[in-house]
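Working notes for the structure below.
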Amino acid sequence: MTNLTSRLDRLEEVMDPKRSIVVWQNHGEAAEAAIARWSAARPGEPELNPNNVQLIGWEAPQ
């Protein structure tokens, strides 16, 4: 049982709403749209804190 308890404790740590989230932002996509897309793909996740979201993406083509 100790192994199961430790695994559940780690899972709860991962579900911490204060954690940083990295979201891919497609070229030309608004930040809000990228965050909404990320959230829609993960319906079981808690609501994101925008201060903990890091957007990443490619530089605009030239």
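Qualifying side chain to side chain contact (heavy atoms under 4.5 Å, CB included) partners for Ala31, counting only residues two or more places apart in sequence or in other chains: Gln25, Leu55. Residues satisfying the side chain to side chain donor-acceptor pair (under 3.5 Å) criterion with Gln54, sequence neighbours excluded, are absent altogether.
For residues 33-44, the pairs satisfying salt bridge (Lys or Arg N to Asp or Glu O under 4.0 Å) are Glu29-Arg37, with sequence neighbours left out.
Residues Trp58 and Val22 share a single hydrophobic cluster, defined by chaining ILVMFWY side chains whose heavy atoms lie under 4.5 Å apart.
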Residues Trp38, Val53; criterion side-chain contact (heavy atoms from CB on, under 4.5 Å); working and verdict: CA-CA 11 Å; Trp38 187 94; Val53 175; over 6 Å; no

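Across all their heavy atoms, Ala34 and Trp24 have their closest contact at CB-O, 3.9 Å.
Note that OG of Ser20 and CG of Asn51 are 10.5 Å apart. Values are rounded to the nearest 0.5 Å.
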